[in-house]
Amino acid sequence: MTAVVLRSDFLSDRQWRAHPLYIDHLGPTRFYAVRLALPDGGPGRALRLVAFRERGHDFSQQERFLMELLRPHIGAAYRRAQAHRLWETSTTTGVRDAQARRLTARQRQVLALVRDGATNAAIAHRLGIAEGTVRKHLEHIHATLGVSSRTAAAVAAEDLV
C-alpha cells in the first residue's frame with residue numbers, strides 16, 4: 001500500500017473506542033492518526049509514518065490531500081538519510097578524502113551541481129557541455145566514490161565539495 005490512510009477509513013469512532021488497542025493503551029484520550037505508507041522500505045517492506053493529533057477533530061480531507069502531496073518528498077528525504085547512513089558506515093574519512101582527490105575539477109563541479117539538485121540538462125547548460133558528457137562524468141563519479149546512485153553521490157558531495 002502506498003497511500004495516506006486514516007483510522008476512520010476502517011473504524012468508526014464507536015468501533016475504535018471499543019477496540020482493545022484503544023482500551024488498553026490510549027484510554028479516554030481522544031486522538032486521531034493518519035498513516036503514510038511509503039515505497040522503498042526494502043524487499044517486501046514498506047515504510048510507514050504515522051502522524052497523531054490528540055485533540056480536536058479527525059484529519060480533514062484537505063489535510064489528507066496535503067499528506068498525499070508530501071508523501072514523495074518525505075520518501076525522498078528518507079532515502080537521502082539512508083544513503084547518508086550507508087555512506088557514513090561504509091567508508092572512513094581517510095578513504096573518502098583519497099576518493100575526493102581522485103575526482104577531476106570538472107567532476108567536482110558536476111558533483112556540486114548534483115548536490116544542489118540540478119538535473120543533467122541543467123548541469124549541461126550551466127557548464128556548457130553536452131548532456132551525454134554529464135552522464136559520463138556521473139558514471140566516473142559513481143565509480144570513484146563507490147556509490148550507485150545520484151542520491152548517494154549528492155550525500156558524498158556534502159563532505160567532499
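It should be emphasised that the depicted structure is a prediction, and the values quoted were computed from it without experimental measurement.
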Q.
Rounded at 0.5 Å granularity, tell me how far OG1 in Thr151 sits from CZ in Arg115.
A. 14.5 Å
**Q.** Pairing residues for Ser148 by the side chain to side chain contact (heavy atoms under 4.5 Å, CB included) criterion, not counting sequence neighbours
**A.** none
Q: Could you tell me which residues satisfy salt bridge (Lys or Arg N to Asp or Glu O under 4.0 Å) with Asp116, sequence neighbours excluded, listed by chain and number?
A: none
Q. Of all heavy-atom pairs between Leu111 and Ala153, which one has the smallest distance, and what is that distance?
A. CD1-O, 3.4 Å
Solution key, residues 117-141 side-chain donor-acceptor pairs under 3.5 Å, sequence neighbours excluded:
unit_1 : atom_1 : unit_2 : atom_2 : d
Thr119 : OG1    : Ala122 : N      : 3.1
Asn120 : OD1    : Arg150 : NH1    : 2.7
Asn120 : OD1    : Arg150 : NH2    : 3.1
Lys136 : NZ     : Glu139 : OE1    : 3.2

